[in-house]
Amino acid sequence: MTSYNLSPLSTRQRLLGTVLIVVAFAGLSIFYGASINLNLFAVAVCGVLIGLSMIGPSRLARSMAALPVGSGLAIGTLIVLIVGYQTSLSKDSSFVPSWALALAPMAYLLVRELGDYREKLMFGLITVGAVFAATSVWQLITAGARAGLPLMDPNNYGCLLYLLLLPSIHMLLHRAWSGPRISTGWLVVSHMLVFLGLVALFATQSRTSAVIVGVALAVWVGLALWRRLSFKPVAFVLALAGVALLTVNLALVDLYALDSISVREGLGVRGALNKAALQMFLDYPFTGVGVYVFPLLYRFNRDVSDQETAGGFVHNDYLQTLAEGGPLLVACLVAFAAFTLIRAIRMFRNAEFEQLGLIMALGGVLAHASVNFVFYTPVLAVLVGCVAGMVDWRGTNDMEQAKNRSDLKGLAFVLLGFGWLCWSYLGLDTLSQGVLNRQAGVPFAGNLNSDPDSMLNFARVAQTLNPNRGMPVLAEAVLLEQLLIGMPASQDLRDAALDAYRRARRVDPWNPYVNLQMYRFVRSNPAVSGSLTQEEQPVNLLLQIIALDPTFVPAIDALMQYAQDVGQEEIYARVLQKRVMVWLPWLAQMDKGAALRYLAYLESWSKQQRDNALQEQLRTISERLTPIQAIDQQRWFY
């Protein structure tokens with residue numbers, strides 16, 4: 001790798017920065033969502049912020065002056081994310097995903113300051129990746145299992161693997177062609193790690209990842225022929241890839257069949273997602289709907305042809321950033337792609353191929369982002385930032401030392417301070433998850449959530465500190481309702497609980513649990529019925545939930561019970577027929593028991609109504625439901 005050092009960090013500081021990045025990478029590999037282990041995410045983000053703070057405003061200012069294009073893009077992306085959060089339709093949904101996207105430019109700014117420790121950083125990242133790959137190969141051999149863990153999506157796991165594999169393979173080839181002689185032992189170990197990575201990558205069954213590796217192999221073959229380099233190292237890597245692919249084909253129990261039907265269905269689903277994203281952009285063409293608000297809006301605008309995806313991602317980061325962040329956020333991603341392409345062109349024009357593996361890895365990710373959610377995955381965002389930080393974007397070995405810039409120093413100071421301010425809100429969210437949702441592993445939460453009064457006080461303090469969050473308001477409403485059970489005659493408590501539920505609906509209107517909890521409160525407290533608005537009536541609360549999410553089982557079951565209680569079972573049957581029936585194939589993947597229960601009810605209802613057309617529709621749906629298996633969400637440790 002080209003070595004340069006824009007700011008003289010001490011050896012201890014560079015070592016600390018390297019360790020922080022590796023630990024953050026390893027930790028984010030097992031981060032499974034804000035509702036599961038947000039504490040892990042908060043610690044990883046804290047580590048990156050500590051690394052940036054260790055660099056300090058002065059060094060960051062000199063670095064920004066020396067590499068204005070890369071710094072400008074990184075800092076511009078952070079500013080766009082900050083502004084975009086303020087205009088988001090749902091700040092609850094946008095906060096953590098905005099941090100996830102911000103990890104890429106943050107990691108870039110940190111890694112490029114590490115100087116010669118960037119090679120040690122790459123070694124640390126490869127070591128962690130090798131552990132993952134070895135685990136995947138072991139599961140492949142012993143159980144014939146598809147590789148995916150520790151990530152929850154095998155395609156993203158494939159992306160993680162080639163981000164480490166391509167620079168590693170190119171480093172071996174480059175040293176074989178022009179570098180110092182490598183010892184036999186180190187050469188054997190290096191190729192064994194490459195083989196492990198290739199087996200794990202092919203075992204993910206990620207077609208895009210396999211194609212990216214195949215293109216990289218073709219580039220190395222062409223480079224060897226063009227520059228008249230020794231073909232032996234490339235041939236050996238090709239052989240390893242061939243053996244790895246054969247191993248996977250022999251060991252994997254369920255191989256994906258790439259037929260015309262699966263391709264057509266896949267394209268249809270992608271088309272539905274893309275169409276929805278474009279429509280959201282047209283509705284909010286300047287600001288976008290907000291980072292990760294797509295799944296909230298897609299739930300009630302979902303195309304019937306999409307019965308496969310969870311609807312959380314467009315599976316095209318360019319379209320998703322356009323829909324969610326508007327033209328400015330997608331421009332940051334497009335600019336990154338353009339800079340990568342320009343660097344690749346200059347590399348070939350100047351015949352400087354030392355960093356070709358890094359550029360190919362970035363190029364692969366940028367291509368992969370057009371068919372998957374790469375940058376929205378925190379561990380991949382950090383890894384992309386690391387790889388980008390290792391690239392010499394100016395294309396020269398002599399990086400000039402930039403003079404200190406007071407204006408840039410001020411900007412760096414403000415950004416660092418604002419970063420820690422935002423992290424304090426992330427810490428508050430993490431503590432809220434531990435106290436109010438009893439998420440395990442959150443410090444100090446146990447002392448608070450063991451006492452209802454302490455939890456209520458915490459919920460109110462959390463609202464004061466951050467009024468944009470819906471969870472503390474909902475928690476206050478639920479806690480007040482619990483107090484009301486012990487004092488059923490208290491009108492003040494009843495009014496306070498109703499007011500809290502109303503505020504929770506205003507703050508977080510996209511959360512179906514808010515309406516569901518308010519429905520339960522209204523049903524169990526008929527004394528409030530006289531003060532309810534039309535939309536707050538019990539049946540309307542449930543209908544609003546099902547309009548938002550027609551596969552939300554608790555609300556559907558609650559509607560059935562309500563319809564039976566008031567003697568209007570036709571309401572339930574019509575909602576099942578008009579809103580839920582078309583989504584039974586998707587629901588079966590999440591809760592097959594519920595899907596079959598609703599199907600059986602509709603079949604009985606159609607016979608009572610002698611509706612032959614409905615019976616025929618249900619017969620077709622029943623045939624689709626039979627082979628469907630529920631999605632098994634496997635995770636490490638959690």
Donor-acceptor under 3.5 Å (Thr430 side chain, Leu426 main chain): yes

**Asked** Would you say the side-chain atoms of Lys275 pair up with the backbone N or O of Arg270, donor to acceptor, closer than 3.5 Å?
**Response** no

If the plane angle is over 60° it's perpendicular, under 30° parallel, otherwise tilted; pick one for Phe25 and Phe132.
tilted

- Aromatic ring proximity, centroids under 6.0 angstrom, Tyr562 and Tyr572: no

I'd like to know if the side chain of Asp591 and the backbone of Ala594 have a donor-acceptor N/O pair within less than 3.5 Å. yes

Handout entry: Beyond-backbone contact of Leu498 with Met518, side-chain heavy atoms, under 4.5 angstrom
Key = yes

Closest heavy-atom pair, Val522 versus Pro538, reported as atoms and distance to 0.1 Å, is CG1-CG, 3.8 Å

query: So, Asp557 and Arg597, do they make that salt bridge, N to O below 4.0 Å?
result: yes

Note, Ile545 side chain near Leu548 side chain (heavy atom, < 4.5 Å) = no

* To do: Say whether, by atom type as modelled, one donor and one acceptor occur between the side chain of Asp92 and the main chain of Gly470 under 3.5 angstrom.
  => yes

Q. Got a salt bridge between Arg619 and Glu623, using NZ or NE/NH1/NH2 to carboxylate O under 4.0 Å?
A. no

Those residues at least two apart in sequence (or on a different chain) that pass salt bridge (charged side-chain N to carboxylate O under 4.0 Å, His left out) with Arg438 are none

query = Taking it one step at a time, do Asn449 and Leu436 satisfy side chain to side chain contact (heavy atoms under 4.5 Å, CB included)?
reply = CA-CA 7 Å; Asn449 61 31; Leu436 305 177; over 6 Å; no

Here the pair of heavy atoms bringing Ser524 nearest to Glu481 is OG-OE2, 3.7 Å

Sorted by chain and residue number, the side-chain contact (heavy atoms from CB on, under 4.5 Å) partners of Asn466 (sequence neighbours excluded) come out as Tyr425, Leu428, Asp429, Asn468, Arg469

Cut-off 3.5 Å, no hydrogens considered: what does the side-chain donor-acceptor table look like for residues 582-589, sequence neighbours left out?
residue: Gln589; atom: NE2; partner: Gln307; partner atom: O; Å: 2.7

Those residues at least two apart in sequence (or on a different chain) that pass ring-ring contact (aromatic ring centres under 6.0 Å, His included) with Phe375 are none

Q. For the side chain of Asp508 and the backbone of Ala504, is there at least one donor-acceptor N/O pair under 3.5 Å apart?
A. no

So CD of Glu616 and CG of Asp611: to nearest 0.5 Å the spacing works out to 11.5 Å

**Asked** Are Leu602 and Ile621 close enough that some pair of their side-chain heavy atoms sits under 4.5 Å apart?
**Response** no

Check: Any side-chain heavy atom of Tyr598 sitting closer than 4.5 Å to one from Val553?
Finding: yes

Between the OG1 atom in Thr551 and the CZ atom in Arg299, the distance rounded to the nearest 0.5 Å is 8.5 Å

Just by distance, do the side chain of Gln139 and the backbone of Ala145 share a donor-acceptor pair under 3.5 Å?
-> no

inquiry  = Assess, by modelled atom type and distance only, whether the side chains of Asn156 and Thr377 contain a donor and an acceptor separated by less than 3.5 Å.
reply    = yes

Taking the side chain as everything from C-beta on, heavy atoms only, tell me whether Tyr298 gets closer than 4.5 Å to Leu273. yes

For a salt bridge (Lys or Arg N to Asp or Glu O under 4.0 Å) check, start with the C-alpha distance between Arg502 and Glu536, then their side-chain angles and the critical distance, and finish with the verdict. CA-CA 9 Å; Arg502 284 170 169 166; Glu536 292 172 345; 2.9 Å; yes

> Do Ser94 and Val293 come within less than 4.5 Å of each other through their side chains, counting heavy atoms only?
Replying inline: yes

The reported gap from CD in Glu570 to CD in Gln577 (rounded to nearest 0.5 angstrom) is 10.0 Å

| message | Given 3.5 Å as the limit, does a donor-acceptor pair link the side chain of Asn39 with the main chain of Gly441, or not? | response | yes

| query | With side chains defined as the heavy atoms from C-beta onward, is the minimum distance between Leu618 and Met581 less than 4.5 Å? | reply | yes

Self-check item: Ile546 and Ile556: CA distance, side-chain angles, deciding distance, side chain to side chain contact (heavy atoms under 4.5 Å, CB included) verdict
Solution: CA-CA 7 Å; Ile546 297 172; Ile556 301 171; 4.2 Å; yes

Students often mix this up, so state it plainly: with edges at 30° and 60°, are the rings of Phe313 and Phe373 parallel, tilted or perpendicular? parallel

- Message: Angle between ring planes, Trp99 versus Phe95, binned at 30° and 60°: parallel, tilted or perpendicular?
- Response: perpendicular

Contacts of Asp453 meeting salt bridge (charged side-chain N to carboxylate O under 4.0 Å, His left out) (sequence neighbours excluded), chain-then-number -> none

Shortest non-hydrogen pair, Arg579 vs Ala547, comes out as NH2-O, 3.2 Å

Backbone N/O of Tyr32 and side chain of Asn37: donor-acceptor pair under 3.5 Å:
yes

Between the side chain of Ser490 and the main-chain N/O of Met487, is any donor-acceptor distance below 3.5 Å?
-> no

When every non-hydrogen atom of Pro467 is compared with those of Val507, the smallest separation belongs to O-CG1, 3.9 Å

Apply the test side chain to side chain contact (heavy atoms under 4.5 Å, CB included) to residues Leu252 and Gln205: give CA-CA distance (whole Å), side-chain angles for both, the deciding distance (0.1 Å), then the verdict.
-> CA-CA 10 Å; Leu252 199 61; Gln205 294 283 275; 3.5 Å; yes

For Pro472 and Gln463 the tightest heavy-atom approach is O-NE2, 3.4 Å

ask   = With distance as the sole criterion, is a donor-acceptor pair present between the side chains of Glu569 and Tyr601 under 3.5 Å?
value = yes

Practice item. Could you tell me whether Glu535 and Arg505 make a salt bridge, using a distance below 4.0 angstrom between a side-chain N and a carboxylate O? Key: yes

Quiz item: Hey, what's the ring geometry for Tyr292 with Tyr376, parallel, tilted or perpendicular (30° and 60° as the breaks)?
Solution: tilted

Subject >> 4.5 Å side-chain heavy-atom contact, Pro378 and Phe41 >> reply: yes

Is any side-chain N of the basic residue among Arg503 and Glu476 closer than 4.0 Å to the acidic one's carboxylate O? yes

d(Gln439 CD, Leu40 CG) to nearest 0.5 Å is 10.0 Å

Do the rings of Tyr501 and Phe521 sit parallel, tilted or perpendicular, given the 30° and 60° boundaries? tilted

Nearest heavy-atom approach of Val435 to Met455 is O-CE, 3.3 Å

Within a reach of under 6.0 Å around CD of Gln491, are more than 12 heavy atoms found that belong to other residues, nucleotides or ligands? yes

* To do: Verify, without hydrogens or angle tests, whether Asn316 (side chain) and Tyr318 (backbone) share a donor-acceptor contact under 3.5 angstrom.
  => yes

Looking only at side-chain N and O atoms, does Tyr157 offer a donor or acceptor that is under 3.5 Å from a partner on Ser209?
no

d(Leu559 CG, Tyr519 OH) to nearest 0.5 Å is 7.5 Å

Between Tyr284 and Glu324, is a side chain to side chain contact (heavy atoms under 4.5 Å, CB included) present by the stated rule, with each step listed? CA-CA 9 Å; Tyr284 298 87; Glu324 295 183 344; over 6 Å; no

Residue pairs passing the salt bridge (Lys or Arg N to Asp or Glu O under 4.0 Å) test with at least one member in residues 512-533, sequence neighbours excluded, are Arg523-Asp565

Value for OG1 (Thr626) from CG (Leu596), rounded to nearest 0.5 Å, stands at 8.0 Å

